[in-house]
Amino acid sequence: MRFFKNVFSQLHSFVLWALMSAIFWGWIFTIVTDAPMEKKITVYCYVPEIRDTELAVSLEEEKPEGIRMIQVHNFEYVMFDTGFIEYGDIFILPESQIAEYEELLLPGGEGVKIYDAGAGSGGADDYIGYTDEDYYLFLGAKSVHLEDGKAEAVAKRLLDT
Amino acid sequence: MPVDTVELYTDEDMAGLKRKIKCWMIALCAVAAAALAACITVAAITNTGNAERMELYAVVISTLAGWVIIYCATYVIGNARRELGHAGTLRSDERERVEGRVTVTRRWLRIKKSITAREVEVETPEGVSRFWVAESRAGQLARANATALYTSHGYVAAYEVMK
């Protein structure tokens, strides 16, 4: 009884500590689970549903040399900071959104159809929840992995997954 | 009739309290170090596939360790420190002798930034006087069959028993 009374009288400290702990480790893990642009490939998908972690793990099984991690994000991820998305290496967009995000895509680079709505199948469809539209894969205009071919290698893996 | 005066806080008790504080400080530092080491290990073995789970582990480990440390620092070390201060005051300050039938009651109170105390009643020919005794010493006083108390600032500092 005394124990619970003691706990209750220090409840504010316990709650504050739990919050600080969550914020601190959230920050640490943001750093731990990130890498410099040169060491990672980032894939952005404009889809309503995606098993991003599983897809990233699957792509990392055969990642290009020198790449430490592959990140897969939904477009919602960048809703609050559009600065991130500019440096995306690979974009998967539905046909209807291509015009809107044209400036992010490699100029003159034609997208590769990754999902055929008519056939109902496409690349990485075990992980990506496509809608009833054709989807296209593009390389990013500001990707730092265009010249070394690493973005293209991961794109090929996506198409074959 | 010959009587013995028993101090509630002897030199050994004071040394014991200081030792208790030191040991608990070391134990809590060990808990903090172990939790930090566990969290660093968890962060070090993190990969893309397990990142969310590992982050949860780190938060849970550091939160639980923090709670244990907060609780023990407040209620174990804090209480021992407060009792040490309380005992120091009782040993050094002036005392008043009260003679009568001594009863340790079940009433207790926690004084903010001080000790938890139990109420002591002394039945004197003039009436009932009430004092407080540190809870850690209440059992000792209750069992002692004291015939008189030495009090300071309303707290029991020592008692007399018949030889």
Side-chain angles (χ1 to χ4, degrees), chain A residues 1-35 39-43 50-64 67-74 77 124 127 154 157-158 161, chain B residues 24 28 31-32 34-80 82 106-118 134-136 138-139:
Chain A
M1 197 63 193
R2 177 80 57 88
F3 170 78
F4 291 109
K5 244 180 175 175
N6 287 344
V7 168
F8 192 73
S9 69
Q10 282 294 320
L11 199 60
H12 59 287
S13 309
F14 292 119
V15 172
L16 189 66
W17 176 257
L19 285 173
M20 278 169 55
S21 180
I23 291 167
F24 176 76
W25 287 107
W27 174 64
I28 292 291
F29 273 76
T30 303
I31 296 167
V32 168
T33 55
D34 202 3
K39 304 262 182 201
K40 70 177 176 185
I41 301 280
T42 316
V43 181
I50 186 166
R51 286 163 53 205
D52 47 7
T53 305
E54 286 97 325
L55 178 55
V57 170
S58 163
L59 293 172
E60 279 184 0
E61 282 169 12
E62 282 176 44
K63 57 191 173 206
I67 293 298
R68 214 160 74 198
M69 64 176 61
I70 295 174
Q71 293 180 333
V72 178
H73 299 303
N74 195 308
Y77 176 83
Y127 305 98
V154 173
R157 285 261 303 141
L158 266 167
T161 298
Chain B
W24 273 97
L28 293 189
V31 170
L36 187 63
C39 288
I40 290 170
T41 307
V42 161
I45 59 169
T46 296
N47 56 44
T48 304
N50 67 13
E52 284 177 16
R53 194 158 34 95
M54 291 296 141
E55 184 177 341
L56 183 68
Y57 289 165
V59 171
V60 168
I61 291 168
S62 68
T63 300
L64 291 180
W67 285 352
V68 168
I69 291 167
I70 290 169
Y71 187 89
C72 294
T74 308
Y75 295 108
V76 181
I77 295 177
N79 285 354
R82 286 187 281 272
R106 296 176 75 85
R107 281 192 58 211
W108 64 275
L109 88 160
R110 180 179 298 135
I111 301 149
K112 206 170 181 186
K113 294 190 174 168
S114 183
I115 56 160
T116 302
R118 285 268 289 276
E135 199 187 27
S136 61

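Order of the sequence lines sets the chain letters (A, B, ...), proteins ahead of strands, with each chain counted from 1. These numbers were taken from a predicted model, which means no experiment stands behind them.
- Put simply, OG on S21(A) and CG on L64(B) are 9.0 Å apart, with the number rounded to the nearest 0.5 Å.
- Looking only at heavy-atom pairs under 4.5 Å with chain A, the residue among T63(B), T116(B), T74(B) that has the most is T63(B).
- To the nearest 0.5 Å, the span separating CG on N47(B) from CZ on R68(A) amounts to 13.0 Å.
- Checked against the 6.0 Å centroid criterion, the rings of Y75(B) and F3(A) do not qualify as a close aromatic pair.
- Listed by chain and residue number, nothing satisfies the side chain to side chain donor-acceptor pair (under 3.5 Å) test with S58(A) (two or more places apart in sequence, or in another chain).
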Donor-acceptor list for residues 25-33 of chain A side chains, cut-off 3.5 Å, not counting sequence neighbours:
from   : atom 1 : to     : atom 2 : distance (Å)
W25(A) : NE1    : S62(B) : OG     : 3.1
T30(A) : OG1    : G26(A) : O      : 2.6
T33(A) : OG1    : F29(A) : O      : 2.5

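- Heavy atoms of E60(A) lying under 4.5 Å from chain B belong exclusively to its side chain.
- When all heavy atoms of W67(B) and F14(A) are compared, the closest pair comes out as NE1-O, 2.8 Å.
- Heavy atoms closer than 4.5 Å to chain A are found in both the backbone and the side chain of T48(B).
- Looking at L19(A), neither its backbone nor its side chain comes within 4.5 Å of chain B, counting heavy atoms on both sides.
- Each of A51(B), A44(B), G49(B), G66(B) has some count of heavy-atom pairs under 4.5 Å with chain A, and the biggest count is that of G66(B).
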